[in-house]
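The structure's right below; bear with me while I get my questions together.
So that the names make sense, note that chain A is the first sequence line, chain B the second, and so on, each numbered from 1.
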Amino acid sequence: MKHNFRKIEEKWQQKWEEAGIFKAVDGSDKPKFYGLVEFPYPSGAGMHVGHIKAYSSLEVISRKRRMEGYNVLFPIGFDAFGLPTENYAIKTGTHPRKITDDNIAKFTEQLRRVGFSFDWDRVIDTTDEDYYKWTQWIFLKLFEHGLVFRSKALVNYCPSCKVVLSNEDSQGGKCDICHSDVVQKSKDVWYLKITEYADKLLEGLDHVEYPANVKQQQVNWIGKSTGAFVDFTLDGIDEKLEVYTTRPDTLFGVTFMVIAPEHPLIDKYAGRVGNMAAIEAYRSECAKKTEFERTQLVKDKTGVKIDGIEAVNPITGKKIPVFIADYVMMGYGTGAIMGVPAHDQRDYEFAKKFGAEIVEVIKGGDILVEAYSGDGEMVNSGFLNGYTNKKDSIARMIEELEKMGVGRAGVQFKMKDWAFNRQRYWGEPIPIVHCKECGMVPVPYEELPLRLPKVENFEPGTEGESPLAKIESFVNCTCPKCGKPARRETDTMPQWAGSSWYFLRYIDPHNDKAFADPEKLKYWMPVDWYNGGMEHVTRHVIYSRFWHHFLYDIGMVNTPEPYKKRSIQGLILGPDGDKMSKSKGNVVDPLDIVKDYGADTLRTYVLFMGDYGAATPWNDNAVKGCKRFLERVSGFVDIISEDADTQKLETPFHKTIKKVSSDIEDMKFNTAIAALMTLTNDIYAVGKLNKEQIQIFAKLLCPFAPHLSEEIWEVTGGEGFLSVQSWPTYEESKTIEAQTEIGVQINGKLRSTVVIPTGAEKEEVFAIAKADERIASLTQGKTFVKEIYVPNRVVNFVVK
RNA sequence: GCAGGAGUGGCGGAAUGGCAGACGCAUCAGACUCAAAAUCUGACGUAGGUGACUAUGUGUGGGUUCAAGUCCCAUCUCCUGCACCA
């Protein structure tokens, strides 16, 4: 049979759609499988081969699950709010709604042509008002439960996009969208209190199957540390200066304090400060630097001593100087630290430069050379002298501090609250009204969705206010509480809002009474397997876990963790080994591959090209190799025979069923496909195969190359769709060959191979090996010291 | 600096401590062809040998073991994430 991929791919895509065989069934009594892939952002560029690889893993697993008798939910949708669309709208003067609709149509067409077995009845679009109604609903629930607050803060601001960015969106000091430098700006910001869930997010990791590096990255991101808050006093002023430290037991070694340049203490006591001019100069210098510069540059410690203010060590009563320095961040801990130069390298460098005293309190290092942060005996530390265990000395110090009322055990997280507003048009409006009388008032639930007004001009204001602020009819409203005139919030939610709960909406996408029916949620959740990219580990995955934990706490979902298992796909690099990018011109368009080689070839290649989790360069020739493989499979149809010779293939078939089945579960798609290629070579070596065998082969190939497999199933007289036939099974006993070739080593070096009956006794194997001509001649006149046999693998004779 | 991962032919990559290089690509030779493409057959880590074979070989240096790509110690390089986090 000729592999006419153009004809058969169109044919089967149409048939699948007409028959609706990939639709998930609500209320089924079959076991369920919920396979999830990260829904795409529908950009104007269309799909990328990376999307194909990202979806292919769960496509294969979902197809296998269906054949194994599961009720499978394998949905797709579009995460369509966001800046790229809005920027394109501004540039072209086209409404983002139209751009989004066009792009979704384009993506949909592309996805269909690859033959993915998505349930197309459940497609969602985060910009659809029936969808974002529920995004707003969840926001109001968060608001109702005190997890939303507003605060003036230094924020990451992108001057080019004119938008406030979260920490997650400005990693490395660059805007995630346009890559310009981010600056610090003071703004009113909506925050979601994700930090309140830091412990739950950390603890939840113990109950999910994520790859070790993914877990580790989330642990680092959350950055929990335990320690203590200690109150220093200021000499002659009735004021506390609170610090956070992980080593309160080094309190006897504190010789100075440092506060962040932005610390409010300075302005409060400006009158007492003798060198305010110098301090102001230093502060404005710091303000010019971005956070990136402040944290990234390897540089000398800088700072200024505050004249006229001294702190008092609560334990020793000693007076110590106070500095401002930019190595202390306002955003972590209390914005103030106690300087322990003997045991903290940063404090050490600072002390050296500014001439502060260095007092050793832990023995074990050489404080003349560098700070010592290891363990050791406590010295110069009053009641702590003689302690050698860090845990004990910390516990004792906290006990003392608590007794004295000047300190307490505490926990800090690196994770910060989630900045949750953007000054942009193309996002979910934040459903809050500002009333002079009542303050911030939530829009009543029954008024949702709060729709985006129609706008002609999407340009944000020069000071970064939202385009919505210019729409009087939107802004002016009445307070839902007191009925007096009020103003609407004009900021919108960030890109990450819609994707924080989308997997719940797939379960019941058309429900207009709730975001999803509780019974359906109970049946389908949690997501059994979620595949996506490494880049979302500290953003989308954390955010969505947070929302889901919250929904669990208010009784809206039945599990705390949304995703049971997470896997990560590796990047597809350009043929030159560089990351694919338009500017390098090394981007491969999946539709070109579909046109030239077929969807089955594309699907097979992206999984065969290498380890699924690793970054692998694209190789056009290797694509042809996969095409050649499928053509050889196609040729099986012409060599069907009910000849007895085909029995030679029994063992290879059972072996392959076993290997393909387990490799798919382990995401070792490359070796699964290799096993099918090996079997193909075996089949051509025999020269024929029977009908049962070709149908088994088609089933094994079906998750990878479903169009060709369906075609083979049909032309060999298979009934119905192959995609819903049962997955082949194997018998362990039939995966074993009657005879096995094993290696024979002398002193660990391979010298010969012999054929033994599989599972033969040790003694028999030794006899066969010794009878081998080469072995016999090499061991002639030598003494056998030791004889080792690894069943069905290798024999090793140790001789002298 | 901290954490995680990876270094295997010309290339992508396989190998529960047990015959390194499965499978594919590229290359070379042969068949078919007027010829080319496609297809089929064979060779294909490196060095030596006509040859059966011999030596050598998984970043580097040690070690454990009858046996190491795999385990241990040290070291170099690369990738990914975090990073003055007190």
Side-chain angles (χ1 to χ4, degrees), chain A residues 171-172 211-221 223-225 227 243-248 250 257-258 260 294-299 301 325-329 331-340 343-347 349-350 412-416 534-535 537-538 568 570-571 573 575 577 604-605 608-611 613-626 628-629 631-632 635 668 670-681 684 741-754 774 785-799:
Chain A
Q171 294 183 30
N213 57 335
V214 171
K215 279 193 189 183
Q216 192 59 49
Q217 212 169 299
Q218 294 210 346
V219 168
N220 290 344
W221 187 257
K224 182 176 181 169
S225 91
V243 301
Y244 174 74
T245 175
T246 54
R247 292 301 303 264
T250 60
M257 294 189 78
V258 184
R294 259 178 78 176
T295 58
Q296 295 289 310
L297 293 180
V298 184
K299 59 178 166 58
K301 293 283 176 287
D326 68 356
Y327 83 95
V328 174
M329 309 289 148
Y332 184 78
T334 63
I337 62 151
M338 56 184 216
V340 187
H343 305 290
D344 181 291
Q345 190 57 31
R346 293 154 300 165
D347 295 347
E349 287 165 20
F350 191 79
Q412 278 292 301
F413 295 95
K414 285 186 203 175
M415 188 168 68
K416 293 178 187 165
M534 204 63 200
E535 69 277 16
V537 166
T538 53
I568 303 285
L571 286 179
L573 305 174
T604 305
Y605 175 65
F608 180 67
M609 64 192 298
D611 180 336
T616 310
W618 185 267
N619 180 333
D620 278 320
N621 279 319
V623 176
K624 290 178 198 159
C626 287
R628 206 171 293 155
F629 162 60
E631 275 161 5
R632 279 160 65 83
K668 291 164 76 172
N670 55 339
T671 52
I673 294 165
L676 290 169
M677 289 173 169
T678 306
L679 180 58
T680 301
N681 293 341
Y684 278 105
E741 192 190 57
I742 63 165
V744 183
Q745 300 178 333
I746 294 173
N747 295 335
K749 279 197 196 270
L750 183 73
R751 292 302 176 188
S752 186
T753 57
V754 293
R774 276 180 49 73
V785 181
K786 204 167 179 181
E787 300 177 355
I788 293 135
Y789 175 50
V790 182
N792 304 318
R793 291 274 186 175
V794 75
V795 166
N796 189 11
F797 295 126
V798 183
V799 301

Taking the side chain as every heavy atom from C-beta outward, state whether A:Asn213 and A:Lys215 have any pair of such atoms under 4.5 Å apart.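 Contact flag for A:Asn213/A:Lys215 side chains = no.
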Distance, P atom - from B:rA20 to B:rC53, rounded to whole angstrom: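 My reading of the P atoms in B:rC53 and B:rA20 gives 15 Å.
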If the C1' atom of B:rG42 is compared with that of B:rU56, how far apart are they to the nearest Å?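 Here B:rG42 and B:rU56 have their C1' atoms 26 Å from each other.
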Whole angstrom is fine here: how far is it from CD1 in A:Ile673 over to P in B:rC25?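 Interatomic distance, CD1 of A:Ile673 to P of B:rC25: 13 Å.
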What interatomic distance, in whole Å, is found between C1' of B:rG12 and the corresponding atom of B:rG21?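 Comparing C1' positions in B:rG21 and B:rG12 gives a spacing of 13 Å.
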Phosphate oxygens OP1/OP2 of B:rA86: is one of them under 4.0 Å from a side-chain N or O of A:Tyr332?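 Indeed, a polar side-chain atom of A:Tyr332 lies that close.
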Whichever of A:Thr334 and A:Arg774 has its nearest RNA chain B nucleotide further upstream toward 5':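 The 5'-side residue here is A:Arg774.
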Any donor-acceptor pair under 3.5 Å from A:Tyr605 side chain to A:Gly625 backbone: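 No: the side chain of A:Tyr605 does not pair with the backbone of A:Gly625.
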Could you give the distance separating B:rG4 and B:rG57 at their P atoms, to the nearest angstrom?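 It works out to 32 Å between them.
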Taking atom C1' of B:rG81 as reference, at what distance in whole Å does atom CG of A:Leu571 sit?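 Interatomic distance, CG of A:Leu571 to C1' of B:rG81: 14 Å.
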Spacing between A:Ile568 atom CD1 and B:rG81 atom C1', to the nearest angstrom: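 Whole-Å distance recorded here is 12 Å.
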Any idea which heavy atoms bring A:Glu349 and A:Lys301 closest together, and the distance?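 Nearest heavy atoms, A:Glu349 then A:Lys301: OE1-NZ, 3.2 Å.
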Could you tell me the Watson-Crick or G-U partner of B:rC32, where both distances fall under 3.5 Å? Say none if there is no partner.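 Looking at the geometry, B:rC32 pairs with no nucleotide.
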Atom P, compared across B:rU27 and B:rA37: separation rounded to whole Å: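 It works out to 11 Å between them.
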Per-nucleotide protein contact along nucleotides 7-22 of chain B, 5' to 3', at a 4.0 Å heavy-atom cut-off (B base, S sugar-phosphate only, - neither), is -----BSSSB-BB--B
Any donor-acceptor pair under 3.5 Å linking the side-chain atoms of A:Asp347 with those of A:Tyr327?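 A:Tyr327 vs A:Asp347: donor-acceptor pair found between side chains.
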Separation of A:Gln217 atom CD from B:rC79 atom C1', in whole Å?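 After rounding, the gap between these two atoms is 13 Å.
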Does a side-chain N or O from A:Arg628 land closer than 4.0 Å to OP1 or OP2 of B:rG24, or not?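 For A:Arg628, the contact criterion (side-chain N or O under 4.0 Å from OP1 or OP2 of B:rG24) is not met.
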Are the side chains of A:Val219 and A:Lys224 in touch, meaning some heavy atoms are under 4.5 Å apart?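 The answer is no, as the side chains (C-beta and beyond) never meet within the 4.5 Å cut-off.
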Nearest heavy-atom neighbours spanning A:Ala325 and A:Val258: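 Answer, listing the atom of A:Ala325 first, then A:Val258: CB-CG1, 3.5 Å.
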Mind calculating the distance between CG (A:Leu573) and P (B:rC78) to the nearest angstrom?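 In whole Å, B:rC78 P lies 18 Å from A:Leu573 CG.
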Expressed as a whole number of Å, how far does the P atom of B:rC78 sit from that of B:rC28?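 Going atom to atom, P in each nucleotide, I get 35 Å.
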State, yes or no, whether a side-chain contact exists between A:Met609 and A:Asn619 at a heavy-atom distance under 4.5 Å.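 They are not in side-chain contact.
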Considering Watson-Crick and G-U wobble pairs with both distances under 3.5 Å, what does B:rG21 pair with?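 The answer is none; no pair meets the criterion.
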Who is the Watson-Crick or G-U wobble partner of B:rA67, with both distances under 3.5 Å?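 Pair assignment: B:rA67 / none.
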State, with a plain yes or no, whether a side-chain heavy atom of A:Thr250 is found less than 4.5 Å away from one of A:Met338.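 With C-beta onward as the side chain, the pair touches.
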Please state how far atom CZ in A:Arg247 lies from atom C1' in B:rA86, giving the value in whole angstrom units.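 The answer, rounded to whole Å, is 12 Å.
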Counterpart base for B:rG1, defined by Watson-Crick or G-U wobble contacts under 3.5 Å: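 The answer is B:rC82, by the H-bond criterion.
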A:Lys624 near the nucleic acid: base, sugar-phosphate alone, or nothing, with a heavy-atom cut-off under 4.0 Å?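 If one applies the 4.0 Å heavy-atom cut-off, A:Lys624 turns out to touch nothing in the nucleic acid.
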How would you label the contact of A:Gly625 with the nucleic acid (heavy atoms, under 4.0 Å): base, sugar-phosphate, or nothing?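 Sugar-phosphate only.
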Please tell me if the side chains of A:Trp221 and A:Met415 come closer than 4.5 Å, counting only heavy atoms from C-beta onward.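 In contact.
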Determine which nucleotide pairs with B:rC44, using a 3.5 Å limit on both distances of a Watson-Crick or G-U wobble pair.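 By the stated definition (distances under 3.5 Å), nothing pairs with B:rC44.
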Mind checking who B:rA14 pairs with, Watson-Crick or G-U wobble, both distances under 3.5 Å?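 Partner of B:rA14: none.
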Ignoring backbone atoms, establish whether A:Arg632 has a side-chain N or O less than 4.0 Å from OP1 or OP2 of B:rG24.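 No, because none of the side-chain N or O atoms of A:Arg632 sits under 4.0 Å from OP1 or OP2 of B:rG24.
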Would you kindly compare A:Met677 and A:Tyr684 by the position of their nearest RNA chain B nucleotide and give the one closer to the 5′ end?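 Whichever sits nearer the 5' end wins; that is A:Met677.
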Watson-Crick or G-U wobble partner of B:rA74, both distances under 3.5 Å: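 When the pairing criteria are applied, B:rU60 turns out to be the nucleotide that pairs with B:rA74.
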Based on the glycosidic angle (syn within 90° of 0, else anti), state the conformation of B:rG9.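 Judged by the O4'-C1' to base torsion, B:rG9 sits in syn, the angle falling within 90° of 0.
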Can you check the A:Asn213 CG to B:rG4 P distance for me, whole Å?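 After rounding, the reported distance stands at 10 Å.
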Looking only at heavy atoms, which two atoms of A:Val794 and A:Ile742 are closest? And how far apart?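 The answer is N-CB, 4.3 Å.
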Tell me the interatomic distance from A:Leu679, atom CG, to B:rG24, atom C1', rounded to whole angstroms.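 Going from CG in A:Leu679 over to C1' in B:rG24 covers 16 Å.
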Indicate, with a heavy-atom threshold strictly under 4.0 Å, whether A:Asn681 touches base, sugar-phosphate, or nothing.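 If one applies the 4.0 Å heavy-atom cut-off, A:Asn681 turns out to touch the sugar-phosphate alone, with no base involved.
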Same-atom distance (P) from B:rG13 to B:rG59, integer angstrom: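 After rounding to an integer number of Å, I get 15 Å for this pair.
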Pairwise C1' distance, B:rG9 and B:rC44 [rounded to whole Å]: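 Roughly 10 Å separates the two C1' atoms.
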Does A:Lys414 put a side-chain nitrogen or oxygen below 4.0 Å from OP1 or OP2 of B:rC85?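 For B:rC85, neither OP1 nor OP2 has a side-chain N or O of A:Lys414 closer than 4.0 Å.
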